[in-house]
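One is the number of the first residue; the rest follow in order along the sequence. Just follow the structure's listing: the first ligand is 1, and inside any ligand the first atom is 1.
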Amino acid sequence: MEETAKELEKRLTWKFPTIAKKSPEQKEEAFAYCEGYKAFLNAAKTEREFTAQAAALLERSGYAEWAPGRKYAPGDKVYVMNRKKALIMTTFGTRPLEDGLRLNAAHIDSPRLDLKPNPLYEKSEMAYFKTHYYGGIRKYQWVALPLAMHGVVIKADGETVEISVGEKEGDPVFCATDLLPHLSADQNERKLKDGIKGEELNILLGSLPFDCGDEEIKEAVKLQILALLHGTYGITEKDFLRAEIELVPAAKAVDVGFDRSMVGAYGQDDRVCAYTAMTAEIATKHPEYTTVTVFADKEEIGSVGNTGLNSNFLLHYVMDLAAAAGADYRRVLEHSLCLSSDVNAAFDPTFPQVYEEKNACYLGKGCVLTKYTGARGKSGSSDASAETMARVIERMDAEGVYWQIGELGAVDAGGGGTVALYVAGLNVDVVDLGVPILSMHSPFEVASKMDIYHTYKAFLAFYK
Ligand code: MN
Ligand code: MN
């Protein structure tokens, strides 16, 4: 029988399906999976908290701290921490290391407000912290919003004091203030990018003076804050010089929509990929290829520093693995395949002009495979080869993973980067894969539960 045009069309054309239409039965599994995800997001709002929570979970899941130089057997699971802000975990495979690794790199830092080194001041009998924002934020989104304070202070005697205020029921929160509409006539004339300026992101801390009786104290509100901080943490103003304190949205991860089909939370870029990678890595018991799952810090400011992926900490780990197994690390890297696991911008029908609809990713169609990121003609991306795309697509198709492709916006609409180019710099085949996100880098990012679940499934397929 002759093929009809309809049949030919079906055979020759391609459209990414919507998961809930093709496989509605997966809704329940996806929703159940995201309960654990939301709980983890709430417990791990900063890179330090993420590594601490992850290490505890890995210990409970049969991982041991990696011992350099030791020979491991297939099925052994190890992890190693880098300066409490980055983490690598491995499940040893049956194949020799020189056949390559299954690398997976996600980042666990998110845009936020960091305290300046000398942050505390008083003005008009109110006390404030000065901040310097971290990563790409739209500053106007960070005012008139409850913020929680997380971080560490190293005291002169070396003791580390951990701070977390604004998360527990009944905790106070903090905020940067904004103008009222009645008095914002001048501010309204500013360009949106300057709607709130960097030096206007000042954090309100208190308004009561220290009870000093008759004594003349010039900044009694500031003194009151210092007295409270000293009472609780034993710290003084000088100790802020040895601190890292971050302000993040105080809200918890929640379901979004009448149908509860989405998760709304701060910092899903990129903890959504870190969480899905970690749970897939834990679930992988007897892989063929040895897995190396990396949680990196500092991606949001260019993968800088010794906890970011533009440092040698991952390379040195692979060199050590190779040395212990009597393998040549250059062969190991050359034959490795890496997923640079990061989020992409989901098509937003409210702002269609910045997307190109045929090459955008969409909520509910699965994880997004991003061949290249970058800006101005792919600059700053690693641009995965056709061969690399083929290897990853084969894995996902073989395991029934719903996936789609996506470019980060229309050509010349903007752009961005990930850790992919730094992994590629190690002579590893790499491509970006992750979850489509709405309102990326805002205090409340939105992701589809179906996509989150299928990113987990993509990682399972990749490690298998
Ligand atoms: Mn990211
Ligand atoms: Mn980002």
Aromatic plane relationship, [Y] with [X] - under 30° parallel, 30 to 60° tilted, over 60° perpendicular:
{"X": "F16", "Y": "W14", "answer": "perpendicular"}
{"X": "Y275", "Y": "Y33", "answer": "tilted"}
{"X": "F347", "Y": "Y362", "answer": "tilted"}

Distance filter < 2.8 Å from the Mn ion (ligand 1), protein N/O/S hits 4

Do NZ/NE/NH1/NH2 and the carboxylate oxygens of R331 and E334 come within less than 4.0 Å?
yes

Name the atoms and distances for all side-chain donor-acceptor pairs under 3.5 Å in residues 410-417, with sequence neighbours left out.
none

Shortest-distance N/O/S atom, H441 versus the Mn ion (ligand 2)
NE2

Close side-chain approach of R102 to T290, heavy-atom, < 4.5 Å
no

